[in-house]
Amino acid sequence: MIKDIQQKILNLKKEKDICILAHCYQSPEILEIADFVGDSFALSVEASKVENKTVIMCGVRFMAETVKILSPDKKVILSNPDAGCPMAEMIDKDMLVQVKEQYPDYLVVAYVNTTSELKTECDVCVTSSSALKICSALENDKILFIPDRNLGSWIQKQLPDKEIMLLHGCCPTHAMMKAKDVEKAKTAHPDALLLVHPECSPEVVELADYVGSTTGIMNYAKNSDAKEFIIGTENSIVTHLQLECDDKCFYPLSKDCICHNMQATTLVDVLNCCKGTFGEEIVLDEDVYIGAKRCIDKMIELG
Ligand code: 13P
Ligand code: SF4
């Protein structure tokens, strides 16, 4: 049944010149029919190179908007219109404008998990895999890092010469994991290495053997000689790693680390997007497009 739907998608993709981009949190059956799978940064780079007329983005809204900004002449479809990122909505433009007025000498660095409208007020975007490189390359030592205070504090620890100001945003899915979850998982699996996403809270990050983006975590686990891993990011990564590495064992840091937005897209949604009966075409106002493009282009250049 799944194979039949996948075949229909592959046929329609070819017939209609569609490219399917999928974030690594998507389900295995979606990853199998995608043209490209990656973390937020790799997807952005890929989006700027795509040649197809239509791109379907299987992920969340800010990812589809990033694709549209990098490929404005293409038809860009968000695979499920309900898939947003709650963190992206945590700071609005008016709030940021007020903070900027109070701290005019700070450069505004925005995690790419933000709305396009908010990006118009920022200087440069970063992703989890490019944040360290980009922040250290910035000439200005005063940085206002929005919206993820966990990613921001992880960067601050590694760049003590920078003064990084944080606000109150975070990813509800990653921030719910605590040091007591690490203690529990380590007691159950004492030989396992702990690999976590920098969106986790500092108390979890401090206990980790490796901190990195979704693909960073996957590459680390695949290349490591260790045999057991506790994974502190969305639980789809536990499944993908277990499918790819039969000789290793993967355990979730918390059974509750599930992003319902990332899991909102089904294989049937993708089929219907290919048919043209589902999904949302991304349309951005000209001023939003121009303002957001400036800091996304800077991210690609510096990242
Ligand atoms: P990556 O940058 O690792 O792809 O993470 C995106 C994201 O939304 C993680 O929650
Ligand atoms: Fe947003 Fe967190 Fe879901 Fe990533 S896991 S899309 S940051 S809510």
Side-chain angles (χ1 to χ4, degrees), residues 21-27 30-31 34 36-47 57-67 78-91 109-116 118 124-135 145-152 154-155 167-177 195-201 204-205 208 210-221 231-241 252-265 296 299-300 303:
L21 300 180
H23 187 268
C24 12
Y25 286 162
Q26 298 294 296
S27 64
I30 291 178
L31 300 195
F36 189 83
V37 176
D39 65 9
S40 304
F41 187 73
L43 288 171
S44 311
V45 174
E46 202 55 30
M57 177 68 229
C58 302
V60 290
R61 184 170 293 276
F62 77 81
M63 295 178 175
E65 289 185 0
T66 306
V67 175
L78 170 62
S79 55
N80 186 321
D82 290 335
C85 167
M87 174 161 57
E89 310 286 338
M90 283 182 184
I91 294 177
V109 175
Y111 195 19
V112 74
N113 302 37
T114 37
T115 61
S116 298
L118 191 72
V124 59
C125 283
V126 297
T127 65
S128 58
S129 56
S130 61
L132 186 59
K133 187 175 176 192
I134 294 174
C135 289
F145 191 98
I146 56 161
D148 188 358
R149 62 177 297 113
N150 290 342
L151 176 61
W154 181 62
I155 301 294
L167 301 181
H168 284 289
C170 68
C171 161
T173 307
H174 285 83
M176 46 73 81
M177 291 182 283
L195 319 183
V196 309
H197 198 280
E199 286 174 13
C200 291
S201 59
V204 169
V205 165
Y210 172 81
V211 184
S213 74
T214 45
T215 40
I217 290 175
M218 292 184 80
N219 290 337
Y220 184 94
I231 304 296
T233 191
E234 217 278 341
N235 286 342
S236 52
I237 299 297
V238 178
T239 311
H240 298 322
L241 280 168
L253 175 54
S254 161
K255 287 209 178 79
D256 298 325
C257 190
I258 295 167
C259 174
H260 296 285
N261 286 281
M262 276 288 188
Q263 299 311 320
T265 301
I296 289 180
M299 167 180 88
I300 306 272

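The residues of the chain are indexed from 1 along the displayed sequence. Atoms within each ligand, like the ligands themselves, are counted from 1 in listed order.
Side chain to side chain, Thr214 and Asp39 fail the donor-acceptor criterion of an N or O pair below 3.5 Å. With hydrogens and angles left out, the side-chain atoms of Ser79 and Thr265 include a donor and acceptor closer than 3.5 Å. Side chain to side chain, Gln26 and Gln263 fail the donor-acceptor criterion of an N or O pair below 3.5 Å. Donor-acceptor pairing under 3.5 Å is recorded for the side chains of Thr233 and His174.
Closest protein heavy atom to atom 3 (Fe) of ligand 2: Cys259 SG, 2.4 Å. At the shortest separation from atom 2 (O) of ligand 1 among protein heavy atoms lies Ser128 OG, 2.8 Å. Nearest protein neighbour of atom 10 (O) of ligand 1, counting heavy atoms only, is Glu199 OE1, 2.9 Å. For atom 6 (C) of ligand 1, the closest non-hydrogen atom on the protein side is Ser40 OG, 3.3 Å. Atom 8 (S) of ligand 2 has as its closest protein heavy atom Pro86 CD, 3.4 Å. Scanning the protein heavy atoms around atom 1 (Fe) of ligand 2, the nearest turns out to be Cys85 SG, 2.4 Å.
Remark: Met63 CE to Thr66 OG1 distance equals 8.0 Å, nearest 0.5 Å. Ile258 CD1 to Met176 CE: the interatomic distance, rounded to the nearest 0.5 Å, is 8.5 Å.
The distance from ligand 2 to the heavy atoms of Met87 drops below 4.0 Å at these ligand atoms: 7 (S). Within ligand 1, the atoms closer than 4.0 Å to a non-hydrogen atom of Thr214 are 1 (P), 3 (O), 4 (O), numbered from 1 in the order shown. Atoms of ligand 2 lying under 4.0 Å from any heavy atom of Glu199, numbered from 1 in the order shown and given with element: 2 (Fe), 7 (S). Contact atoms of ligand 2 toward Cys171: 2 (Fe), 5 (S), 7 (S), 8 (S) (distance under 4.0 Å to a heavy atom of the residue). Proximity to Asn113 (heavy-atom distance under 4.0 Å) selects the following atoms of ligand 1: 7 (C), 8 (O).
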> Going through the checks in order, is the side chain to side chain donor-acceptor pair (under 3.5 Å) test met by Ser130 and Thr127?
Replying inline: CA-CA 5 Å; Ser130 61; Thr127 65; 2.9 Å; yes
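Checking only distances, Asp39 never comes within under 3.5 Å of ligand 1, N or O to N or O. On a distance-only criterion, Ser129 and ligand 1 share no N/O pair closer than 3.5 Å. At a 3.5 angstrom cut-off on N or O pairs, Ser213 does not count as close to ligand 1.
Heavy atoms of Phe41 stay at 4.0 angstrom or farther from ligand 1. Ligand 1 lies within reach of His174, whose nearest heavy atom is under 4.0 Å from it. Not a single heavy atom of Asn261 sits closer than 4.0 Å to an atom of ligand 2.
By heavy-atom distance, the residue among His197, Met87, Met63 lying nearest atom 5 (O) of ligand 1 is His197. For the residues Met218, Met262, His23, the heavy atom positioned nearest atom 4 (O) of ligand 1 is part of His23.
Within the 4.0 Å heavy-atom criterion, the part of Asn113 lying near ligand 2 is the side chain and not the backbone.
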